[in-house]
Amino acid sequence: MAVKTIITEPNKLLRQISKPVENVGKEEQQLMNDMLDTMYDANGIGLAAIQIGIPKRIIVMDIAKDEKKEPRYFVNPVIVNRDPIKKTHEEGCLSVPGYYEEVSRPTAVKVKALNEKGEAFEITAEGLLAVCIQHEMDHLNGKLFVDYIS
Ligand code: NI
């Protein structure tokens with residue numbers, strides 16, 4: 001368990017495309033714990049591994065507003081379906097501190113991924129969960145939410 005340093009724009013690492021995880025083992029689980037500690041410490045709701053400088057396709061999220069933590073883990077996430085209807089939502093990013101902008105994205109996405117135990121699962125995300133997953137998945141592809149704004 002450790003709080004890591006979150007890298008920020010214009011650090012070039014944020015533009016790197018993260019690599020798929022071959023095996024979810026102890027090292028990856030340790031990384032996910034560190035990512036959660038780092039995210040909670042920064043009062044964030046999502047974090048991609050590259051934001052602490054690790055180019056692996058791993059995301060952690062917790063959109064629960066109450067005290068009770070509800071961590072979510074996405075390893076090698078893939079969007080398999082997108083709702084054609086888009087909606088704008090104000091986004092921010094721990095790697096772009098102090099900056100908030102409206103971004104238009106599909107209102108719902110179906111995502112396949114592995115969990116923290118390496119088990120495959122599928123989720124249809126809507127609302128804030130859909131926004132957050134898409135934002136974090138952009139990080140895995142070296143993209144930041146500010147790229148949507150001209
Ligand atoms: Ni972000």
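Order of appearance sets the numbers: ligands from 1, and atoms from 1 within every ligand.
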Taking distance alone, no hydrogens or angles, what donor-acceptor pairs closer than 3.5 Å link side-chain atoms of residues 92-104 to residues at least two apart or in another chain?
| residue | atom | partner | partner atom | Å |
| --- | --- | --- | --- | --- |
| Ser95 | OG | Ile7 | O | 2.8 |
| Ser95 | OG | Gln51 | NE2 | 2.9 |
| Glu102 | OE1 | Thr88 | OG1 | 3.3 |

field: Ala2 backbone acceptor or donor facing Asp34 side chain under 3.5 Å
entry: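 Yes; at least one donor-acceptor contact below 3.5 Å.
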task: Give the other cluster members for Val78, using side-chain heavy-atom distances under 4.5 Å between Ile, Leu, Val, Met, Phe, Trp and Tyr residues; answer none if it is isolated.
output: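 The other cluster members (ILVMFWY side chains, heavy atoms under 4.5 Å, direct or chained) are Val80.
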- prompt: Tracing side-chain links under 4.5 Å among I, L, V, M, F, W and Y, which residues wind up in one group with Val109?
  reply: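 Its cluster mates, by chain and number, are Ile45, Ile59, Met61, Ile63, Phe74, Ile79, Val111, Phe121, Ile123, Leu128, Leu129, Ile133, Met137, Leu140.
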message: Less than 3.5 Å apart, any donor N or O on the side chain of Arg15 or Asn141 sitting next to an acceptor on the other?
response: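 There is no such pair (donor and acceptor under 3.5 Å, judged by atom type) between the side chains of Arg15 and Asn141.
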task: Run the salt-bridge test on Lys56 and Glu27 with the 4.0 Å N-O cut-off and return the result as yes or no.
output: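 Salt bridge flag = yes for Glu27 with Lys56.
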message: What protein N/O/S atoms are there under 2.8 Å from the Ni ion (ligand 1), waters excluded?
response: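 The answer is Cys93 SG, His135 NE2, His139 NE2.
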